[in-house]
Amino acid sequence: IVGGHPGNSPWTVSLRNRQGQHFCSGSLVKEQWVLTARQCFPSCHAPLTGYEVWLGTMFQNPQPEEPGLQQIPVAKIVCGPSDSQLVLLKLERPVTLNLRVALICLPPERYVVPPATMCEITGWGEARGLSHRVLNVASLNVISNQECNIKHRGRVRENEMCTRALMVPVGACEGDYGGPLACFTHDCWVLEGIIIPNRVCARPGWPAIFLRVSVFVDWIHKVIQL
Amino acid sequence: QRSPLNDFQVLRGTELQHLLHEVAGSWQKVVGDAEECAKHCGARLDCRAFHYNMSSLSCQLLPWTQHSPHTRLRRSASCDLFQKKDYVRTCIMDNGVRYRGIVAKTVDGLLCQSWNHKFPNDHKYKPTLRNGLEENFCRNPDGDLGGPWCYTTDPTVRFQSCGIKSCREAACIWCNGEDYRGSVDHTESGRECQRWDLQHPHVHPFEPDKFLDKDLDDNYCRNPDGSERPWCYTTDPKLEREFCNLPRCGSEVQPHQEATTFHCFRGKGEGYRGTANTTTAGVPCQRWEAQSPHQHRFLPEKYACKDLRENFCRNPDGSEAPWCFTTRPGMRVAFCYQIPRCTEEVGTEDCYNGSGEQYRGSVNKTRKGVPCQHWSAETPHKPQFTPTSAPYAQLKENFCRNPDGDSHGPWCYTTDPGTSFDYCALRRCNDDPPVSILDPPDQVEFEKCGKKLDRPHQWLSKLR
């Protein structure tokens, strides 16, 4: 995250490859399910032996004995609808919810976040100058697709959403993909967007684009239920 | 600091059964681990293998191996089978004096004479447990440089070499040797390799059960991390890891190379050969032959098969996707996720309107081409929607349908046990644009979720 500050986000998870390296982020939507970006995974059918999610820490390289750290192997991957750029990861066992690990709410189906809603992005990715050794958080405000499409010349689809461009470099970057755009609604944090690979990151004067989660909430519930 | 297990080859979850002998030696109570068992078995000439029971921490010594007559291997939930390498390896180390395999023909195909026979060739050897002269198997009791040999049953040829290959020659490497599955277990300086399933003398991240596709067997040379050639951790505490000296298989073109792609990437993108040369977020990539701003070991000439040309995104080490070193000093590497993934989906054969609730066609495979499960079947997935529970949806045979009004279109339960349901090889009809969702937002109801403390700095000091 560029232009953010160290912060807390108990539903943000770090995805780890077989060498234990962080390569993407995800969001804890159920005790045993993490939502993240399709682009982070080689395939919907490749074995995931050795891949893990790490939760309950703010450090990119936590010490193994760090209190609260939970390291849970990924058991299964389920790819979302073709246009979703999403995957759901089923964990080998449920996480333990506590002060450091919490679920994030899912929005109602097809819910459209009102413009100006206050949101935040989090991640351990590229921080440009700030330390990416800790979880960084940046605040952003939602704008309508209509306003966003002015700058992006109509390329923003309805299953995507945008946040206001700032004149200073603030935004998600390499290593943050799959992480949450969480918005504060009715005194709860709701997972409204997913950080997806963009051609630019933290570019001043340029609205950021996220995957709109509410379009795929029915798929998420169906996978978890089935 | 070699482990006694270095002399053994393991078969995980396997039991060796002897068809004629009900039970072999008794189970010995061992407090320690498989290494303790290996110490016991290694010291006994009549022990060729042992079972190690992971739950009772005990072992059973065996006087036979899977190559002995009347034996067979069987899956086991609690046992691992360790067999002495000398008895099961099909190649020889050094001059083969320790070879205990079952080859019994000479290089010209002559059948070997049994060692305890004096006819047609009389000789001075007397079979013992120590010299391992067994039946008519090739052996090297006199340390002959030509390797294992035998007396032959052809009166005109007294003895002849058996031509058993050295382990080094038995398998060669293509490109960087990621596919090498040979049995060389020493490094180029002659140090013995450490077993991959041990963390001593060197602690390491390459646990065999995390890298199943790399076959990190026993202490054989392997290349699990995209190094320039196979290597291993060594039993020398002063040298952590070292390359192995293995023969190349001639031309650099690997016979079963992954299909190359140029405009998209498949799987991990190891076959990508396009010209994308920036990171996802547009940072220019560093040229592979350059060592600035980032020094690295991926030299183009050492990775001839990986096509490390200019500053193109590539995946020479099996990472999750094509990547590159970046020209930004503060950012060493980054993925090139802007390269689209090649679709894994099969072509669509039909279309549906709306969300497909009224679709009544006969397409019966998923978007990945997996055949659908019949709606009336109970396996491999127990259906929630059946022809009786959802008569309105006309769930016929295994045709794609949408009994729950899924907004993403018709779907079916699949015949793949690992995928309970998936969307079908169907597309939305062109003349039916989806209803826009950008209406005024509805009311929001939430259950128990979405709460957090927001005092980061106090939080930080608490953790550290």
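Here is how names work: the chains are called A, B, and so on, in the same order as the sequence lines, proteins then strands, and each is numbered from 1. This one's a predicted model, so the numbers in the text were calculated from it and none came from an experiment.
Atom NE2 of B:H263 sits in a sparse spot, with 12 or fewer heavy atoms from other residues, nucleotides or ligands closer than 6.0 Å.
With a 4.5 angstrom heavy-atom cutoff, B:S319 does not touch chain A via any of its atoms. Using a 4.5 Å cut-off between heavy atoms, A:D187 touches chain B through backbone and side chain atoms alike. In this structure, chain A has a heavy atom under 4.5 Å from the backbone of B:D209, while its side chain stays farther away. With a 4.5 Å cut-off on non-hydrogen atoms, B:Q384 touches chain A through its side chain but not through its backbone. Using a 4.5 Å cut-off between heavy atoms, B:Y337 touches chain A through backbone and side chain atoms alike. For A:V137, no part lies near chain B; criterion is any non-hydrogen pair under 4.5 Å.
A donor-acceptor distance shorter than 3.5 angstrom exists from the side chain of A:Q39 to the backbone of B:I339, with no hydrogens or angles considered. Under the 3.5 Å distance criterion, the side-chain polar atoms of A:E174 are matched with a main-chain donor or acceptor of B:A281. No side-chain donor-acceptor contact under 3.5 Å links B:R341 to the backbone of A:S43. Of the possible polar contacts, one joining the A:D218 side chain to the B:S407 backbone as a donor-acceptor pair under 3.5 Å is found. With hydrogens and angles ignored, the 3.5 Å screen pairs no side-chain donor or acceptor of B:H408 with any backbone N or O of A:S82.
Residues B:K210 and A:E52 form a side-chain contact, since some pair of their non-hydrogen atoms from C-beta on lies under 4.5 Å apart.
Between B:R428 and A:D83 no salt bridge is recorded (no basic side-chain N to carboxylate O distance below 4.0 Å).
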Practice task
Step by step, work out the side chain to side chain contact (heavy atoms under 4.5 Å, CB included) result for B:Y423 and A:W219.
Solution key: CA-CA 10 Å; B:Y423 297 100; A:W219 165 72; 3.3 Å; yes

